[in-house]
Amino acid sequence: MAKRPVPRYDFKAFGAAIKAAREGCKESRKKVGDEMFISPRYLANIENKGQHPSLEIFFELIQRYHISVDQFLLETPPEKNTQRRQLDALLDGMSDTGIRIVTATAKEISEVEKEGE
């Protein structure tokens, strides 16, 4: 019986998102590799060459950096993109005072953007 042809998914965009998120968190490949028990070279290949990560590593990376895989795997736009998920994670760790400041800032920016339309 012939093997069913399965197109290989291009992981380059995913790797670029992981690299951007890791650098945004100011984490080195060595630090991430040590914490995830993978080699920095393996992480570099995922980030720069689009190497297919194992399912476990893929899952751990999307959880670690709050990456929305919907934007890479689905044709329809995701409900929450990666930036919104990362913002949610930051807000979860913020104090009530910080939340009030962010809310006031967001309202002000929203008003400025409405005026510019």
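Worth knowing before you read on, the calculation uses all heavy atoms, side chains too, and leaves out hydrogens, waters and symmetry mates.
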With sequence neighbours left out, what residues match Ile57 under side-chain contact (heavy atoms from CB on, under 4.5 Å)? Met36, Ile38, Tyr42, Ile46, Pro53, Ser54, Leu61
With sequence neighbours excluded, residues passing salt bridge (Lys or Arg N to Asp or Glu O under 4.0 Å) with Asp34: Lys30
Under a single-linkage definition using a 4.5 Å side-chain heavy-atom cutoff for Ile, Leu, Val, Met, Phe, Trp and Tyr, are Leu87 and Val102 assigned to the same hydrophobic cluster? yes
With Lys31 via salt bridge (Lys or Arg N to Asp or Glu O under 4.0 Å) - residues at least two apart: Glu27, Glu35
Residues passing the side-chain hydrogen bond (donor to acceptor under 3.5 Å, both in side chains) test with Asn45, sequence neighbours excluded, are Gln51
Phe59 with Phe11, same ILVMFWY side-chain cluster at under 4.5 Å: yes
Here the gap from Phe37 atom CZ to Glu56 atom CD, rounded to the nearest 0.5 Å, amounts to 14.5 Å
Under 3.5 Å donor-acceptor, Ser110 side chain and Ala106 backbone: no
Measuring from His52:NE2 to Asp10:CG, what's the distance to the nearest 0.5 Å? 7.0 Å
Heavy atoms, side chains only, cut-off 4.5 Å: are Gln86 and Ile67 in contact? yes
Could I get the full list of salt bridge (Lys or Arg N to Asp or Glu O under 4.0 Å) partners for Glu47, not counting sequence neighbours? Arg22, Arg29
For residues 92-110, which residue pairs pass the salt bridge (Lys or Arg N to Asp or Glu O under 4.0 Å) check, not counting sequence neighbours? none
Run the side chain to side chain contact (heavy atoms under 4.5 Å, CB included) check on Lys19 and Asn48 step by step: do they pass? CA-CA 8 Å; Lys19 183 176 184 175; Asn48 299 324; 3.1 Å; yes
Tested for side chain to side chain contact (heavy atoms under 4.5 Å, CB included) against Ile101, the lone hit among Ile99, Thr97, Thr103 is Thr97
